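Have a look at the structure below before the remarks.
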Amino acid sequence: KIDVHSHLMPSGVFDHPPRDYRSKWSPDRASVVLEDEVSERRGRPAKGDLLDASAIVARQKEQQVDLSIVGGWVDAMAAPTNAESQSDWCRLISSELATAVERQASLRWLASLPDLDGGLAAEELSVAARAGAVGGILATSFANGGLGRADLEPLWANAERLGLPIMIHPGVYDPSETPIAGELLIPVFYPYLTTRAAVELIRAGIPDRYPDLKVVLVHAGGFLPYQFGRVEQWLATDRTPSSPTTSSSTTSSALSWFYYDTVVHSRKVVEFLIDLVGSSQLLAGSDCPFAMKDWSLLGANGDDYLDSADR
């Protein structure tokens, strides 16, 4: 069993915070917050199993998972507002992941990609690939122009050339700066961010120009698989001069270009997705070690979750 969606931020990452940031550890060093030294903006705390590769492996064994693919924590990756600083920060995270995974035979890692500059992201993917990364993880970049930006073209081209998948993952550094903060951030705003990013890619024609690019949408694609009809109608009638639709694909055809993890906490939704895009486009994931983790397809009872043909 392979878990394509889990997270790890080795504690050593926070010993070298990005420029103009400081790491504030709890007295027992059980949790750490990244704080902007200039504005005093604060991210959510990183804590517990997220900081420890051996803890992730222990959760694997409990759930009878053979291999986990770990990516950095996107909320922290999104902290820097300067492109070069973010690129340096992401390279550090990738380096720490490579070191941590090297000691764990049941882990593989994703490159942490900066979302502020597509050229730097493409470069980071190449560097990480040479170090053993099996793909990349990229924030939805909602506050920075989105993923339909032209400067991201080098990243898509490089990922397609290297044959490495890109996982699109929501995340915000400071939740207070979002339209939906508090208790609804995770169950409502994060799926919205994934949906928005996917629509931006479709609208920009990325599936048309990079047919062999593999893009993974976490949390079962957000709301896209269930609202694609409305999106398709909007794209068909969109006449916005400033950012016209450049895609020749329909939204329904683009649905089968994406890959989706199964972190959706509902067997019926997984079955719906299989019916919509086919089981070949679904990848089992857990979102370990967060509270919203979903072991349905990976745990001890995972073999009974779906028909054998779909598994």
Side-chain angles (χ1 to χ4, degrees), residues 4-5 71 74 115 135-149 152 155-156 159 165-172 178-180 184-211 213-238 240 243-287 292 294 296-297 310:
V4 303
H5 180 184
V74 175
D115 65 284
I137 184 169
L138 182 71
T140 53
S141 200
F142 81 100
N144 302 302
L147 296 188
R149 304 191 325 259
L152 287 165
L155 172 61
W156 312 131
I166 302 296
M167 175 175 283
I168 305 301
H169 198 296
V172 294
T178 67
I180 303 176
L184 296 182
L185 179 76
I186 303 298
V188 176
F189 191 60
Y190 276 17
Y192 155 75
L193 292 180
T194 301
T195 306
R196 173 174 168 163
V199 173
E200 288 167 344
L201 293 177
I202 296 170
R203 191 185 193 201
I206 302 305
D208 300 323
R209 293 196 297 283
Y210 304 102
L213 173 65
K214 295 178 175 61
V215 172
V216 181
L217 301 178
V218 298
H219 311 138
F223 306 127
L224 178 67
Y226 325 104
Q227 292 291 329
F228 75 89
R230 287 179 59 83
V231 173
E232 188 163 88
Q233 177 64 17
W234 172 70
L235 291 175
T237 58
D238 180 31
T240 307
S243 54
T245 297
T246 60
S247 174
S248 62
S249 297
T250 62
T251 305
S252 53
S253 64
L255 283 176
S256 297
W257 177 78
F258 290 109
Y259 290 82
Y260 307 81
D261 78 9
T262 58
V263 184
V264 73
H265 304 274
S266 169
R267 178 174 181 166
K268 288 185 177 181
V269 173
V270 173
E271 290 173 341
F272 167 75
L273 260 180
I274 291 173
D275 184 59
L276 185 66
V277 301
S279 58
S280 63
Q281 301 307 109
L282 269 65
L283 305 168
S286 70
D287 215 353
M292 289 287 287
D294 180 1
S296 300
L297 273 171
D310 292 327

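Remember, it's a predicted structure, so these values are computed and weren't measured experimentally.
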Open item on the list: Check for me whether the distance between the ring centres of Tyr226 and Phe223 falls short of 6.0 Å.
Closed with: no
Task: With Ile168, the side-chain contact (heavy atoms from CB on, under 4.5 Å) member among Val215, Val218, Val216 - done: Val215
Any non-hydrogen side-chain atom of [X] less than 4.5 Å from a side-chain atom of [Y]?
X	Y	value
Ile186	Met292	yes
Leu224	Thr194	no
Tyr190	Thr140	no
Asp287	Asp294	no
Leu147	Leu138	yes
Ile202	Val231	no
Tyr260	Leu255	yes

Open item on the list: Using side chain to side chain contact (heavy atoms under 4.5 Å, CB included), reason through Phe258 and Val277 one step at a time and then give a plain yes or no.
Closed with: CA-CA 9 Å; Phe258 290 109; Val277 301; over 6 Å; no
Open item on the list: Which label fits His169 and His219: parallel for a plane angle under 30°, tilted from 30 to 60°, or perpendicular past 60°?
Closed with: perpendicular
- [ ] Keeping the roles fixed (side chain from Trp257, backbone from Asp208), state whether a donor-acceptor pair exists under 3.5 Å.
- [x] no
Non-hydrogen atoms of [X] and [Y] that approach each other most closely:
X	Y	value
Pro207	Leu201	CD-O, 3.4 Å
Val74	Ala139	CG1-CB, 3.5 Å
Val188	Pro191	O-CD, 3.3 Å
Gly146	Leu152	O-CD1, 3.9 Å

Open item on the list: Determine whether Arg149 and Glu200 satisfy the following criterion, side chain to side chain contact (heavy atoms under 4.5 Å, CB included), listing intermediate values before the conclusion.
Closed with: CA-CA 9 Å; Arg149 304 191 325 259; Glu200 288 167 344; over 6 Å; no
Quick one: [atom1] on [X] to [atom2] on [Y], what's the gap to the nearest 0.5 Å?
X	Y	atom1	atom2	answer
Leu193	Thr178	CG	OG1	8.5 Å
Thr237	Glu232	OG1	CD	11.0 Å
Leu217	His5	CG	NE2	11.5 Å
Arg203	Trp234	CZ	CH2	4.0 Å
Ser286	Leu297	OG	CG	11.0 Å
Met167	Leu283	CE	CG	7.5 Å

- [ ] I would like to know whether Leu273 and Val264 meet side chain to side chain contact (heavy atoms under 4.5 Å, CB included); could you show each step before the answer?
- [x] CA-CA 11 Å; Leu273 260 180; Val264 73; 6.0 Å; no
TODO: Begin from the C-alpha positions of Val4 and Tyr259 and carry the test side chain to side chain contact (heavy atoms under 4.5 Å, CB included) through to its verdict.
DONE: CA-CA 11 Å; Val4 303; Tyr259 290 82; over 6 Å; no
